[in-house]
Amino acid sequence: MTAMQHISVWLDVPLRGAFTYLHPQPLPSGQRVRVAFGNRELCGVVDNSVPPQALDEARCKPILAVLDELPPLPEALLQQVRFAARYYLHPQGQALFTALPTALREPRAVTLADRRQYRLNAAGLAAAPSARSTVKLQLWQALHQPQSRDALRRVHPQAGAFLKQALAAGQLDILPWQAPPLQVAATLTLNDEQQAALDAVAANLGRFGAFLLHGITGSGKTEVYLQLIARVLAAGQQALVIIPEINLTPQLIERFAQRFPASHIVCLHSGLSDGERLQGWVDAWQGVADIVIGTRLAVFTPLPRAGLVIVDEEHDGSFKQQDGLRYHARDLAVWRANQAQVPVLLGSATPSLETVANVEAGRYRKLLLSARAHGSARLPRIGLVDTRRLKLVDGLSEPVIAALRQCLARREMSLLFINRRGYSPVLACTACGWTSACKHCSARMVLHLSARQLRCHHCGAQQRVPLQCPACGNPDVQPLGEGTQRLEEALRRLLPEARILRIDRDSTSHKAAWDAVYQRVHAGEVDILLGTQMLAKGHDFGALSLVVVLGSDGGLYSADYRASERLFAQLLQVSGRAGRAELAGDVIVQTNWPEHPLYLALTRHDFDGFAASQLQERREAGFPPAASQVILRADAPQYHEAEAFLQQVLALCGELPPPLFVFGPAPALMARLAGRERAQLTFEAPQRAALHAWLRALLPQLDALARKAPRQLRWSLDVDPQEI
Ligand code: ADP
Ligand code: ZN
Ligand code: ZN
């Protein structure tokens, strides 16, 4: 019997190691294979960088099939996965399969489009079809030049049959894919700031560098991306553009396609069929695609000739995956750019504090676009309506109603933005500004009315709800940011002649629904747009002259320390909807806290001032980005089951070496989800490396503990959590 090779194979199972299988010959790393695992057959990926276990051949199973219709997965992808698994403390096999398109996760061969080119050889040239068979003649003539199957189909739909016949007759040469010559449609003349941004990144092509393109909506960021991409394509390289799901609109794709009419643009997002996603992914990997535009999952697309990575709206929460491998696409994009030694450009009107901190530390370079690129549009005026002394009618103040009425009289459109992001209520004093901070840590306590308690979701502390303000004795202590429930009704009653269009998650989960919204808006059939977070994103509703913000106070003080960062970004974004084109718009924020620094910065459009003060607060509190966090979550049908597991973990941890901290167990902010109770431990340290190394060393014991836990318990690690 010939000696069999022991081969390490990654599988999509929640175990940290690779598995060892047998095969008569060595196989390259990245090779997909089919193997038996338990009573199932799974797809596996060979990795020779992992030493196989020295198992007895009798105890090892053979590889059932080598799925080699594609080349082995590229080493750069395996490296990226290795990094992601290590960084996010996730089983590497599962990380690898997260990175692959669904079709490649199955233990089956895949079929792909034919990307080769065909051209007549001498025999083919000699075999001219008769002049009467016009179709054949047409195709034969086209094949004097190299043609892809697709291109030939555009010459005539019967191309397939003709190719088959000519191939069988040995009349064709087969050539590898050849990109058509680059075409760049007319570009705009950049303004000085755009030009400076372009020059800075262009001077860095061919090596790693991280740049923040900080520019308000409409300041021409996309134009800078397009002109940079033109340079990259001209150098024969590929560009990767990562954008939030919601921004991946036909309009955006069309803009890219118009600029680069001959380039192969691949769009990758979760809405594709498995086959479409596979094809795009493989086209990118095989160098056929010039530009890859996609949502967070696109960050794993292999690019043999990467020249540039762009992350648009880099602050967007959708870049963080919230289950399985909890990666952050922006952070992985920066890592990839470094790996490929190319520049990465992060664009935003409201950069994340993580990125601002990286700019401050000199790791990223900031490029500023300070004005709108187009026309004379001015920034909107942002005003505050102080509701402490006003009588509200179902949550609406008189100045807001008056402004809406005037807007209606001028036949202009207004937008009512209701900030109803499930803030858990924090108590606040209307007289002195006291808020329910935790005595034991730097988080804020949340009101639990049913239990008449304040609870800290960071460290788990509890106390009774105070009857009056502990600071000044005022009996009027209230949960922040409530009272937008009956708003739509009130609006319809107060402004019966207004045509109100409500936009919520349900009405806009389908593309068709959005198109209908756009159509009605652009046909002038809407007077007031009413909606929540959906409206704050990058949708262009044309000329809006008034934006009203309601219910935003809940984001000022929250148990989630990121709430004010998100609120500010959202308010700036939604304000950006006012006064596009020639109209200078108005923004009115209705608030109980008109002196709050967040609102004052907002009225001045002062992102930098706000970011600096927020960063200062985070430093003082020891929260990210001034520190590093990892949350260990557990959930179970009963809270005590989740908590008991975390208590065992805590016991396992023992004393943490300073300066590492652990807080909890505490109930998660959203303590109950889908019939399960959720608890968490929060690990923190000023330095990421020390925290990760310590947790990594703990993993084997943690895994062992988890194996003994009750079946109904689920747990996960979230590195750099975005939601607490
Ligand atoms: P952003 O991506 O920052 O929102 P865009 O690139 O979409 O900005 O630009 C906003 C508008 O301004 C677009 O209509 C764009 O065509 C136009 N624009 C951008 N740059 C220029 C320029 N240099 N000259 C004239 N118009 C421009
Ligand atoms: Zn008070
Ligand atoms: Zn606390």
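From a predicted model like this one, the values you see are computed outputs, not experimental measurements. For ligands, and for the atoms within them, numbers begin at 1 and follow the listed sequence.
Taking the six-membered ring for Trp and thresholds of 30 and 60 degrees, Trp715 and Phe645 have ring planes inclined between 30 and 60 degrees apart.
Taking a 4.0 Å cut-off on heavy atoms, Arg372 fails to register as neighbouring ligand 1. In this structure, Leu226 has no heavy atom closer than 4.0 Å to ligand 1. Residue contacts with ligand 1 include Ser219, since one or more of its heavy atoms lies under 4.0 Å from the ligand.
In terms of polar-atom proximity, defined here as any N/O pair under 3.5 Å, Glu223 does make such a contact with ligand 1.
Here the angle centred on the Zn ion (ligand 2), running from SG of Cys472 over to SG of Cys469, is 110°, rounded to 10°. Rounding to the nearest 10°, we obtain 110° for the angle at the Zn ion (ligand 3) between Cys438 SG and Cys459 SG.
The nearest N, O or S atom of His457 is not closer to the Zn ion (ligand 3) than 2.8 Å. His440 lies apart from the Zn ion (ligand 3) in this respect, since none of its N, O or S atoms is found at a distance under 2.8 Å. Note on His458: not counted as a metal contact of the Zn ion (ligand 3), no N/O/S atom lying under 2.8 Å.
Contacts of Arg255 with ligand 1, taken as heavy-atom pairs under 4.0 Å, involve the side chain alone. At a 4.0 Å heavy-atom cut-off, ligand 1 does not touch Leu369 at all.
Ser318 and Asp316 share a donor-acceptor pair across their side chains, judged by distance under 3.5 Å alone. Checked by atom type, the side-chain pair Thr295/His269 shows no donor-acceptor distance below 3.5 Å. For the 3.5 Å distance criterion, the side chains of Tyr599 and Ser552 qualify, holding a donor opposite an acceptor.
Residue Lys221 approaches ligand 1 through these ligand atoms, each under 4.0 Å from one of its heavy atoms: 1 (P), 2 (O), 3 (O), 6 (O), 8 (O). Of all atoms in ligand 1, listed by their number and element, those nearer than 4.0 Å to a heavy atom of Ile216 are 3 (O). Annotation for ligand 1: atoms under 4.0 Å from non-hydrogen atoms of Thr189 are 22 (C), 23 (N), 24 (N). Counting the atoms of ligand 1 from 1 in the order shown, those under 4.0 Å from a heavy atom of Asn191 are 23 (N).
Formation of a donor-acceptor pair under 3.5 Å by the Arg452 side chain with backbone atoms of Arg464 is not found in this model. Within the 3.5 Å criterion, the main-chain N or O of Gly347 finds no donor-acceptor partner in the side chain of Lys221.
Of the candidates Leu190, Leu188, Thr222, it is Leu188 that places a heavy atom closest to atom 21 (C) of ligand 1.
Remark: aromatic rings of His596 and Tyr557 are close, center separation under 6.0 Å.
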When you look at Leu632 and Gln680, which way does the side-chain contact (heavy atoms from CB on, under 4.5 Å) test go after all the steps? CA-CA 6 Å; Leu632 174 60; Gln680 60 194 32; over 6 Å; no

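Atoms CD and CG, from Gln462 and Leu454 in turn, are 10.0 Å apart once rounded to the nearest 0.5 Å.
A salt bridge is absent between Arg330 and Glu313; no separation between the charged side-chain nitrogens and carboxylate oxygens falls under 4.0 Å.
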